[in-house]
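Okay, so here's the structure we're looking at.
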Amino acid sequence: MRIKRYVARDMREALGLVKKDLGSEALILESRRVRQKGLMGFFRPLHIEVTAAVDQRTSQGVIPRELDTLQTKTIQSEIDELKSLVKQVMIQQNGLLSRESKEKSPLDYLYRQLVDSEVEKSVARDLLKEVGRDCPEEKLTQAQAHRQLRDKIGKRLKPVDFNGQKYIFCFVGATGVGKTTTLAKLAAHYAILKGKKVGLITLDTYRIGAVEQLRSYARLMDLPLEVVMSPRELEEALMKMKDMDYIMVDTAGRNSKNFIHIQELQSFSKVLPEPITFLCLSATTRWQDMALITNNFKPVNYNALIFTKLDETSSFGTILNAACHTTLPVAFLTNGQKVPEDLEIPSVERLTDLILGGKGL
Ligand SMILES: Nc1nc2c(ncn2[C@@H]2O[C@H](COP(=O)(O)OP(=O)(O)OP(=O)(O)O)[C@@H](O)[C@H]2O)c(=O)[nH]1
Ligand SMILES: [Mg+2]
């Protein structure tokens, strides 16, 4: 900052002096009227004293051209120096990062992969502990660790096969997860593709249109349908369908937190002789809620799992979580609304692929 004082006859002259000397960027800090020096000053008109200042960094007027170029050069060289410094730091950091990812142990890497797929942390830790126990980590390559992990996951997924003679399939689960649609897909699979005798029963008389939904599938596939309202009627319906290979029982979707509803469902399920009761779970449900559902439906004695709506998500770790928590097989997957196409009977390998980050479709 350069500060200077100017004395002139009037303001115009003073400003002219300031501009000439300090340039047009100068600021007027103060102006006042002053008497000229000496005795004669008393008899002369008052002058104007102006105090002006200029910031030498911004003013081109006060910085000589050579100085200006010099400063620009200095600044430019400082910028260049900074640029090369930043470059060096970035190179070093990238080096560190890539070394870090290379140095990350195969088990750390797989743990992250599992957790990213929404496998519960405790389940992921247990699996990798087992992998580490079987083979010391320092000897393990990434590919070996991956193979071992697949093997451990596979052991937790029970294979299941419903190609026997006679079955009663019952579908339970939270509201809107796809019970009726899945039942229709399976009815078509066994009746049309496998040529089995299939009968349908619905207990869902709560929701308007629920019976009609199943009736239209029954009509389309030419399958018998019984609508029942009490455990006693269920017994009668089962009697009527005793010659069927597969009896498929649809139930109303239930809020698993409503204990009365679960009890009611239980009173129906007790009537079914040796049923395969599928707990239908939507793959879009977060694990915290799914864990609650798997617990709350326990009174119904479900003994297999179905995962629906795989097409609506891309992480499938909850399949492993549910399989581990319930120790039950995952019998079917559904991946779309189309009946009967969007149904899958998954192998253990397919489930493992999904859990380890495969595609839903
Ligand atoms: N994207 C997708 N939608 C599905 C799938 N399965 C069923 N849906 C759809 O989910 C909705 C509910 O299906 P429903 O079969 O009526 O479900 P629900 O469990 O019987 O329902 P409630 O009886 O009311 O409890 C429908 O729009 C289905 O088309 C699936 O695998 N993927
Ligand atoms: Mg339904």
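In this chain, residues are counted from 1 in sequence order. Every number for a ligand or one of its atoms is a count from 1 in the order of the listing.
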Value rounded to 0.5 Å, distance of OG in Ser117 from CZ in Arg112: 10.5 Å

The protein heavy atom nearest to atom 16 (O) of ligand 1 is Gln213 NE2, 3.1 Å

Taking a cutoff of less than 4.0 Å between a non-hydrogen atom of the residue and any ligand atom, is Gly336 in contact with ligand 1? yes

When only distance counts, is Gly178 in polar contact with ligand 1, meaning an N/O pair under 3.5 Å? yes

Heavy atom of Asp342 under 4.0 Å from ligand 1? no

Any idea which protein heavy atom is nearest atom 24 (O) of ligand 1, and the distance to it? Arg207 NE, 3.0 Å

Taking both backbone and side-chain atoms of Thr182, is any N or O found less than 3.5 Å from an N or O belonging to ligand 1? no

Provide the number and element of each atom of ligand 1 under 4.0 Å from a heavy atom of Asp204. 23 (O)

Between the side chains of Tyr190 and Asp245, does any donor sit under 3.5 Å from an acceptor? no

So does Glu212 have more than 12 non-hydrogen atoms from other groups sitting under 6.0 Å from CD? yes

Nearest-0.5 Å distance that lies between atom CD in Glu344 and atom CZ in Phe307: 13.5 Å

Could you find the nearest protein heavy atom to atom 18 (P) of ligand 1 and give me its residue, atom name and distance? Lys179 N, 3.4 Å

Can you measure from CD1 (Ile153) to CD (Glu130) and round to the nearest 0.5 angstrom? 10.5 Å

More than 12 heavy atoms of other residues, nucleotides or ligands under 6.0 Å from NZ of Lys194: yes or no? no

Counting both backbone and side chain atoms, is some N or O of Asp250 under 3.5 Å from an N or O of ligand 1? no

As an exercise, state the distance from OG1 of Thr181 to CG of Leu214, rounded to the nearest 0.5 Å. 10.0 Å

Ligand 1 to Val177 polar contact by distance, N or O atoms, under 3.5 Å: yes

The closest protein heavy-atom partner of atom 12 (C) of ligand 1 is Gly176 O, 3.7 Å

Membership question, hydrophobic clusters at under 4.5 Å side-chain separation (ILVMFWY): are Val177 and Leu281 in the same one? no

Assess whether ring-ring contact (aromatic ring centres under 6.0 Å, His included) is satisfied between Tyr167 and Phe162, documenting all intermediate values. CA-CA 8 Å; Tyr167 290 102; Phe162 296 114; 5.4 Å; yes

Among non-hydrogen protein atoms, atom 11 (C) of ligand 1 lies closest to Lys309 NZ, 4.1 Å

Donor-acceptor pair, side chain of Asp342 and main chain of Gln337, under 3.5 angstrom: yes

Ligand 1 and Thr181, any nitrogen or oxygen pair closer than 3.5 angstrom? yes

A student checking ligand 1 against Thr334 at a 4.0 Å heavy-atom cut-off should list atoms 30 (C), 31 (O)

State if Gly173 counts as touching ligand 1 under the rule of any non-hydrogen atom under 4.0 Å. no

Output yes if Gln213 passes the N/O/S-under-2.8 Å test against the Mg ion (ligand 2); output no otherwise. no

Taking atom CD1 of Ile306 and atom OG of Ser282, what is their separation to the nearest 0.5 Å? 12.5 Å

Measure from the ring center of Phe332 to the ring center of Phe171 and say whether it is less than 6.0 Å. no

shortest atom 32 (N) of ligand 1-to-protein heavy-atom contact is with Asp311 OD1, 2.9 Å

Numbering the atoms of ligand 1 from 1, which are under 4.0 Å from a heavy atom of Glu312? 1 (N), 2 (C), 3 (N)

As a check for students: among Arg254, Glu344, Gln337, identify the option with a heavy atom nearest to atom 3 (N) of ligand 1. Gln337

